[in-house]
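As structure tokens, the structure follows; a few thoughts come after it.
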Number of protein chains: 2
Amino acid sequence: MKISHTPFDTIFYSIEETIKAYRKLSLKEIKNAISDITVDQALILQMINDKQLTQTEIADLIFKDYASMTRIIGLMVKKNYLIKTTNENDRRASVLKTSPKGELALKQLIPIINQNRETALNNLTIEDINNLKHILNKINQNCKK
Amino acid sequence: MKISHTPFDTIFYSIEETIKAYRKLSLKEIKNAISDITVDQALILQMINDKQLTQTEIADLIFKDYASMTRIIGLMVKKNYLIKTTNENDRRASVLKTSPKGELALKQLIPIINQNRETALNNLTIEDINNLKHILNKINQNCKK
DNA sequence: TAATAATACTTGATATATCAAGCAAAACTA
DNA sequence: TAGTTTTGCTTGATATATCAAGTATTATTA
């Protein structure tokens, strides 16, 4: 198979471009509602609210380094969106909970997050989405071999 | 259209996952050859070698902030991969050139970069790629409206 | 059970991302 | 042509990414 080799023709360029455009849109809308929260922080808030998770679990789920996770969580605690305590059954692990402020923020954020997704996926068909997911998954597998 | 709303079912999750996997693969292979160069730095080296570009132009092409570009270029100059001078026709602008060390590095890097792309796209058809590009482009447009 | 290994983070150092503010040169305009 | 705006880039501050090294705590193993 012949594949383009100039940087700007590669599919990776398109992928980067798209994800950056989506992140930009999301950040704008989120900041518009709550100025001191980022896209990832909103996602983390949502994850912790849905299910009790450790930092390590969150990091694995959203492809972040554990060190970054420590710092992001630290900031979210400092801004009072999260409450962090130690797990008494395993004193290495921390227990993360959304604070009242965090829950309130989340109530505002969820419709915004959903709206962002709708906006980004406007005019796409179910086939488009499934296709996209399928092809990306192939690439993902290739990269991990 | 009904679209999934749980974070891990969304297509954006797949996109992030894929681009991170690809970046990880690329970085590993690049570092293996030249330990002090990153994926973006390799790309920048390639761009500058192909065509004379200003920092601003490079930043726009690879979706980077101008401030980041100043710092990345600064490091590449410091590591002696690039030579930076001022453009005498427009003293605001800088002229960037690959140094001999940069050119040598690039010679090593180009086959690696190409190989990474081949690896990542293994078993994909031309249709897959075109499809992917087309769908991503739709999302990209939606995000920019 | 003592030594070792693994786990769940944390910290330091450096690079990059992002926003805001600033600077000098160039372009534009009244 | 003087004043204003734009352009190309830089710097500062803060957040995040990444790698390496370190600290408790828990689990394993000889």
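On a predicted model such as this, the values are computed, not experimentally measured, just so you know. Just so you know, these numbers use all the heavy atoms, side chains as well, and skip hydrogens, waters and symmetry mates. In what follows, chains carry the letters A, B, and so on, assigned in the order in which the sequence lines appear, proteins first and then strands, with residues in each chain numbered from 1.
Rounded to whole Å, atom P of D/dT7 lies 19 Å from atom CG of B/N89. What separates CD of A/Q55 from C1' of C/dT7 is a distance of 13 Å, to the nearest Å. B/N87 places its CG atom 14 Å from the P atom of C/dA25, with the value rounded to the nearest Å. A straight line from CG of B/L96 to C1' of D/dC9 spans 11 Å, rounded to a whole angstrom. Rounded to whole Å, atom C1' of D/dT7 lies 4 Å from atom CZ of B/R92.
Partner of A/F12 under the side-chain contact (heavy atoms from CB on, under 4.5 Å) criterion, chosen from B/L121, B/V39, B/N116: B/L121.
Considering only side-chain atoms of A/K84, the nucleotide from C/dT10, D/dT26, D/dC9 that sits closest is C/dT10.
Linking ILVMFWY residues whenever their side-chain heavy atoms come closer than 4.5 Å, directly or via other members, leaves A/L61 and A/Y66 in distinct clusters.
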The contact string for nucleotides 11-21 of chain C, one letter per nucleotide 5' to 3', using protein heavy atoms under 4.0 Å with B, S and - for base, sugar-phosphate only and none, comes out as BBB-SSBBB--
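In this structure, the side chains of A/S94 and A/Q55 come closer than 4.5 Å at one or more pairs of heavy atoms. Residues A/M69 and A/I44 form a side-chain contact, since some pair of their non-hydrogen atoms from C-beta on lies under 4.5 Å apart.
Remark: A/K78 engages no residue in a salt bridge (Lys or Arg N to Asp or Glu O under 4.0 Å) (not counting sequence neighbours).
Side-chain N/O atoms of B/T54 include none lying less than 4.0 angstrom from OP1 or OP2 on D/dG8. OP1 or OP2 of D/dC9 has at least one side-chain nitrogen or oxygen of B/T56 nearer than 4.0 Å.
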**Request:** May I have the step-by-step check of salt bridge (charged side-chain N to carboxylate O under 4.0 Å, His left out) for B/D40 and B/R23, ending in yes or no?
**Result:** CA-CA 10 Å; B/D40 285 326; B/R23 287 195 146 254; 3.0 Å; yes
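Mapped onto DNA chain D by nearest heavy atom, B/E57 and A/D90 fall at different nucleotides, with B/E57 at the one closer to the 5' end.
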